[in-house]
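What follows is a set of notes on a single structure, which appears directly below.
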Amino acid sequence: QDGHEQQGEYQRRFENIHAKVLMLKSVTRYIATLACVILPATLSSTVQAGVHHALDVTLDPADGSLIVADRVRFSKGPQQQHLFRLNTGLSVSSPDGTLEKLADDADSAHRVYRLTLDEPRETISLDFRGKPVAPAYSGMGGMPAAIVSPEGVYLDAGSAWYPLFDGVIDGFELSVSLPQGWQSISQGRRSLAAQQQHWSSQTPEQEIYLIAGPFSRYAQPHGDTELSVYLLNPDEALAATYLRTMGGYIDRYSRLIGDYPFPKFAVVENRWQTGYGMPSFTLLGSQVLRLPFIPYTSLPHEILHNWWGNGVWIDYDGGNWSEGLTAYLSDHLMKELRGEASDYRRKALQRYGDFAAEKRDFPLIEFVSRHSDATQAVGYSKSLMLFHMLRRDLGDETFTAALRLLWQERQFRETDFAQLHALFERAAGRPLPYSRQWLEREGAPSLVVEAISTTKDGDSHRLAFTLRQRQEGDAFTLNVPVAVMLEGREEAIVRDIRLEGRETRIELDLEAAPLRLDIDPEYEVMRLLDPSERPPTLGQLFGSTRWLIVLPSRAPAAERDAWQQLAAGWQQRYPDLEIVDDTDPRATAAKSDLLIAGWQNSLLQENNSRFAMLASLPGGSVTLGSPGHDRSSHSIVRMNQSAGRAIGFMGGANPDSIAQLARKLPHYGSYCMLLFDAQGNNLLKQSSPVTNSILTHSFTDEEVVLKLPRRKPLTD
């Protein structure tokens, strides 16, 4: 399976918890608003005080319940009234004063309480017990937002399993009593005492997690950091793989950014197929955890979130910068270390063009979390391209200094895009107005090179050309790399060209005759790719604003049903998809993009010339690459283009294979040719090369291969 494409399904920190993000923000605002209305004026200044919890928890998974004693300390001194939220399934009491129920929120399963103390004090005691009710939203793979069950426990702030006050959590102490053979996981440092597992967090926190289950625990020290793996089924070899790799990632990012901020890092298996990153641990689904590429792709992404997102917090009102920066310093860096960064950036630009470019784009300061392909294309792809352009403009040394400044000054503080940008300007020692444009406006430039000419004067040569921005709307300010291969030189010379208007005339004085000109050959500028730079891919269909899936009317009933279920499921994700069958006149008359489904589809024969690998169509095998493959036990996908239309074919061996295609293909959007076996394992994946870009110009009839100077990775 392809790590780069598949990992997008699993690793993202906030993408499927958009409802939780908004809910937690509403908790803070609601309590702050209530405080202004119903608390004495003398208390209003204490609403943002830090809160410290000392929680003693007894879990009863068989009954689905818990019992908690919480001693809460407020950093701003004695107060007489407090507002907080707690799960509606929990009953609460306090020996310190009078509790009043103020309001219920059915969607969040929260109830608001006011506690009036007998006298002002800086600590209060709350006792609560019951069966937590799950909020209305759910996470990845249908994972409930709160659960206490014989199979396991998952509780976070969204479930209000502990009292939610307005203000940052100034660390916490958490003691947990568990069934025999169970393990608990939370933030902070782990210790054992008196039949309890104890967690102590000395750093500020935005919420408190409690996860528990019948885990096998594997651990080893790595300097001052404890590394651990929690598995639902014992597997020493799997645990050893994670323990062997995670320490190196922690060291790499500590050298690059600053010291790792937590006393541990843990990989925790989840029975739901998640990819969540919490402070000091990640929660990975049981299937996800065992994918062979995850320790080398998703794991560094989740570890890095301990700096960006869990270390420097996100102020969502000013944009979620964390996903773009994390993707750039993990996903992109992993590719850079293997010499594949330019291909990664090309795919990022292609995803943006497929899903966000046609009136689905928005400014980066409006990105909160991924909840669609378009929001992912902006919040991840467009954002990481911004950080790449910043790095190129500042240079690696200053860019790294900016990362370290961000870490030093904003650790455990909410930070938005504007504050991050100001820190980069401080590190640079100059304004960076061109980068601010990506924060505040939508869209991207589209480049074309025109009026190319060469002249010779003695031993010197002059190359002249015009770079034009042809997108709708205002021009962008850009630094565009230009590469020129020269006669007698093995490597191209590379110059950065500053574009500040719609059209710029460039003249380069060269020491030898130019052989080849390339504009942005390694895809280093956030821009709209020209069609000549975008070979046919599945992503073009998924991002199309008008496309048809054509189902086979003559296929057996079970196969027709499988194709129908695939199409209906995709239609939920891609609302611009229309479903027809091969008897519908729209299938042949439409000028929209087209996906032909099934070997018995009547449209396949008339389009077979577009799919060169289907030469053996009448027989029992198909030629996809080499050699031929039995189509009764293999699934294939092939994409092509015709007159500006994307046209694809997919064939499944049986109904189960079709169901596998439904799940897998959205995560292989950058490929034009795919082959899977009967178990759904990917056997072949290919992208068509870019061979005729309008941003490349040759000055000779002979083929000249572009060879660029090697660039050092940001870090080793």
Side-chain angles (χ1 to χ4, degrees), residues 13-14 168 202-206 224-225 249-262 265 277 279-280 300-333 336 341 363-365 367 379-380 382-440 477 479 496 524 526 711-716:
R13 167 68 175 90
F14 299 102
V168 171
Q202 305 303 316
T203 59
E205 304 281 358
Q206 293 181 297
D224 295 331
T225 306
Y249 298 133
I250 289 173
D251 291 345
R252 171 181 288 155
Y253 293 125
S254 294
R255 291 192 302 268
L256 179 66
I257 303 166
D259 290 343
Y260 181 72
F262 303 114
F265 183 77
S280 78
H301 186 110
E302 297 302 344
I303 287 175
L304 184 55
H305 266 308
N306 286 282
W307 281 267
W308 313 135
N310 293 322
V312 178
W313 299 337
I314 304 160
D315 183 349
Y316 291 94
D317 288 337
N320 178 356
W321 49 268
S322 168
E323 293 301 352
L325 184 55
T326 300
Y328 184 65
L329 296 177
S330 59
D331 310 53
H332 179 274
L333 179 58
E336 188 175 17
L364 284 176
I365 59 171
F367 174 63
Y380 289 75
K382 189 175 186 178
S383 182
L384 74 85
M385 288 300 299
L386 168 60
F387 288 108
H388 183 69
M389 291 187 292
L390 276 168
R391 173 188 168 189
R392 291 192 69 255
D393 182 42
L394 301 180
D396 286 4
E397 184 177 346
T398 302
F399 182 78
T400 300
L403 297 177
R404 292 172 179 164
L405 184 63
L406 173 62
W407 179 241
Q408 292 162 6
E409 297 213 356
R410 303 302 300 180
Q411 193 172 155
F412 303 121
R413 298 170 65 188
E414 286 192 348
T415 302
D416 61 19
F417 256 120
Q419 291 165 319
L420 178 145
H421 187 266
L423 286 171
F424 273 76
E425 289 186 322
R426 276 180 53 193
R430 57 185 170 88
L432 302 170
Y434 77 93
S435 60
R436 187 177 292 277
Q437 66 192 337
W438 303 105
L439 308 183
E440 300 172 348
T477 299
N479 288 329
D496 275 358
E524 304 196 81
M526 178 62 217
R711 180 184 302 157
K712 285 183 59 178
L714 183 62
T715 188
D716 56 22

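Just the heavy atoms: all of them, side chains too, but no hydrogens, waters or symmetry mates, feed the values below.
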| query | Roughly how far, to the nearest 0.5 Å, is CZ of Phe387 from CE of Met389? | reply | 10.5 Å
| Going by the salt bridge (charged side-chain N to carboxylate O under 4.0 Å, His left out) test, which pairs reach into residues 386-399, not counting sequence neighbours? | Glu336-Arg391, Arg391-Asp396, Arg392-Asp496, Arg392-Glu524, Asp393-Arg430
| Lys382 and Trp438: which non-hydrogen atoms are nearest, and at how many Å? | CE-CE3, 3.9 Å
| field | Separation between CG of Asp315 and CD1 of Ile365, rounded to the nearest 0.5 Å | value | 11.5 Å
| request: For residues Gly277 and Asn310, report the shortest heavy-atom separation together with the two atoms involved. | output: O-ND2, 3.2 Å
| message | Could you report the tightest heavy-atom contact between Asp716 and Arg252, atom names first, then the distance? | response | O-NE, 2.8 Å
| Considering only heavy atoms from C-beta outward, does the side chain of Glu323 approach that of Ser383 to under 4.5 Å? | no
| query | Does Asn306 use its side chain to pair, donor to acceptor, with the backbone of Ser280 at less than 3.5 Å? | reply | yes
| field | Trp308 and Trp407 aromatic ring geometry - parallel, tilted or perpendicular at 30°/60° bounds | value | perpendicular
| request: Please work out whether the ring planes of Phe265 and Tyr260 are parallel, tilted or perpendicular, with thresholds of 30° and 60°. | output: perpendicular
| query | Side chains of Leu420 and Leu406: does their closest heavy-atom pair fall under 4.5 Å? | reply | yes
| Got Pro363 and Glu440 here, is their nearest side-chain heavy-atom distance under 4.5 Å? | no
| query | Where do Leu384 and Ala327 come nearest, in terms of heavy atoms and distance? | reply | CD2-CB, 4.1 Å
| query | Less than 4.5 Å apart, any side-chain heavy atom of Ser330 and any of Tyr253? | reply | yes
| task | Starting at OG1 of Thr326, measure out to CG of Leu333 and round the result to the nearest 0.5 Å. | result | 12.0 Å
| task | Kindly indicate whether the side chain of His301, heavy atoms from C-beta on, has any atom under 4.5 Å from the side chain of Asp331. | result | yes
| task | Test side-chain contact (heavy atoms from CB on, under 4.5 Å) on Leu714 and Thr400 and set out the steps. | result | CA-CA 8 Å; Leu714 183 62; Thr400 300; 3.8 Å; yes
| request: Report yes if the distance between the aromatic ring centroids of Phe367 and Trp321 is under 6.0 Å, otherwise no. | output: no
| task | Evaluate the criterion side-chain contact (heavy atoms from CB on, under 4.5 Å) for residue pair Thr415 and Leu423; output intermediate values, then yes/no. | result | CA-CA 11 Å; Thr415 302; Leu423 286 171; 5.6 Å; no
| field | Interatomic distance, Leu364 atom CG to Gln437 atom CD [nearest 0.5 angstrom] | value | 11.0 Å
| note | Of all heavy-atom pairs linking Trp307 and Asp259, the shortest is NE1-O, 3.7 Å
| request: Could you go through the side-chain contact (heavy atoms from CB on, under 4.5 Å) check for Leu304 and Ile257 one step at a time? | output: CA-CA 10 Å; Leu304 184 55; Ile257 303 166; 3.7 Å; yes
| field | Arg413: partners by salt bridge (Lys or Arg N to Asp or Glu O under 4.0 Å), with sequence neighbours left out | value | none
| said: Between Phe412 and Pro279, is there a side-chain heavy-atom distance shorter than 4.5 Å? | reply: no
| Can you check whether Leu386 reaches Leu439 side chain to side chain, under 4.5 Å on heavy atoms? | yes
| Can you tell if the side chain of Ile250 reaches within under 4.5 Å of the side chain of Phe262, non-hydrogen atoms only? | no
| task | Tell me, with the steps shown, if Gln419 and Glu414 meet side-chain contact (heavy atoms from CB on, under 4.5 Å). | result | CA-CA 10 Å; Gln419 291 165 319; Glu414 286 192 348; over 6 Å; no
| query | Which atom pair, heavy atoms only, marks the closest approach of Ala427 to Ala401? | reply | CB-C, 4.4 Å
| query | Quick one: CH2 on Trp313 to CZ on Arg410, what's the gap to the nearest 0.5 Å? | reply | 11.0 Å
| field | Inter-residue atom distance Thr398.OG1 - Leu405.CG, 0.5 Å rounding | value | 11.5 Å
